[in-house]
Amino acid sequence: FAERGTMKGVMDSNGKIVIPFIYESGHCLFKKYSANNCRPEYAVVKRMGKWGILRQDGVEVIPCIYDEIKESGFGGDLYILLQKTIKKHP
């Protein structure tokens with residue numbers, strides 16, 4: 001991820017914006033937790049205080065509506081826990 005002001009996004013090697021600079025935070029989510037296989041296919045991003053997941057082409061595959069996203073690896077596989085607070089109105 002690159003930064004413009006306080007926002008993060010991604011540009012390719014030619015300077016073309018691949019993922020717009022609309023995210024407060026972001027990091028790569030790896031398909032496998034292995035030093036030999038660290039191909040970033042997805043990214044965990046935060047927009048307007050909520051977390052989601054993008055494909056490397058910038059499409060939100062999990063919308064930025066979650067309070068927290070936790071990543072965990074087990075046996076070379078990746079597991080993701082999504083947490084969302086639901087407020088009840090009286």
Side-chain angles (χ1 to χ4, degrees):
F1 279 84
E3 290 187 25
R4 280 197 179 160
T6 60
M7 304 308 273
K8 297 186 186 303
V10 175
M11 294 188 303
D12 67 14
S13 59
N14 296 320
K16 179 182 174 190
I17 296 174
V18 179
I19 297 175
F21 288 80
I22 60 171
Y23 298 99
E24 301 155 27
S25 183
H27 66 272
C28 291
L29 175 69
F30 295 104
K31 183 176 180 183
K32 299 264 185 192
Y33 276 358
S34 164
N36 298 328
N37 189 11
C38 287
R39 267 187 358 203
E41 296 179 358
Y42 297 93
V44 177
V45 292
K46 184 178 185 182
R47 182 169 43 92
M48 295 174 32
K50 299 292 182 175
W51 293 92
I53 296 180
L54 300 178
R55 279 194 321 230
Q56 65 188 89
D57 62 2
V59 173
E60 281 188 16
V61 293
I62 296 179
C64 293
I65 60 172
Y66 295 94
D67 297 316
E68 188 173 7
I69 294 181
K70 293 183 180 179
E71 308 162 49
S72 178
F74 180 76
D77 293 323
L78 177 66
Y79 298 89
I80 300 170
L81 172 67
L82 305 171
Q83 182 175 338
K84 184 177 181 183
T85 302
I86 299 173
K87 296 181 182 178
K88 294 183 181 180
H89 296 285

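These figures come from a predicted structure and were not determined experimentally. As a basis for the values below, the full set of heavy atoms in this structure was taken, side chains included, without hydrogen atoms, waters or symmetry mates.
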Contacts of type side-chain hydrogen bond (donor to acceptor under 3.5 Å, both in side chains), residue Tyr66, not counting sequence neighbours: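 Residues passing side-chain hydrogen bond (donor to acceptor under 3.5 Å, both in side chains) with Tyr66: none at all.
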field: For Arg55, side-chain hydrogen bond (donor to acceptor under 3.5 Å, both in side chains) partners two or more places apart
entry: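 Residues passing side-chain hydrogen bond (donor to acceptor under 3.5 Å, both in side chains) with Arg55: Asp57.
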Spell out, yes or no, whether [X] and [Y] are grouped together once hydrophobic residues are joined by side-chain heavy atoms under 4.5 Å, including indirect joins.
X     : Y     : value
Phe1  : Phe21 : no
Val44 : Val61 : yes
Ile69 : Tyr42 : yes

message: Counting C-beta onward and ignoring hydrogens, is there a side-chain heavy-atom pair between Ile53 and Glu60 closer than 4.5 Å?
response: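 When only atoms from C-beta onward are counted, Glu60 and Ile53 do not touch, as no gap falls below 4.5 Å.
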Would you mind writing out the side-chain donor-acceptor pairs for residues 9-17 within the sub-3.5 Å range, not counting sequence neighbours?
from	atom 1	to	atom 2	distance (Å)
Asp12	OD1	Asn14	N	2.9
Asp12	OD1	Gly15	N	3.1
Asp12	OD1	Lys16	N	2.9

Measure the [atom1]-[atom2] distance between [X] and [Y] for me, rounded to the nearest 0.5 Å.
X     : Y     : atom1 : atom2 : result
Trp51 : Tyr23 : CH2   : OH    : 12.0 Å
His27 : Lys8  : NE2   : NZ    : 12.0 Å
Glu68 : Lys46 : CD    : NZ    : 10.5 Å

- prompt: What are the two closest non-hydrogen atoms of Cys64 and Val45, and how far apart are they?
  reply: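 It is SG-CG2, 3.8 Å.
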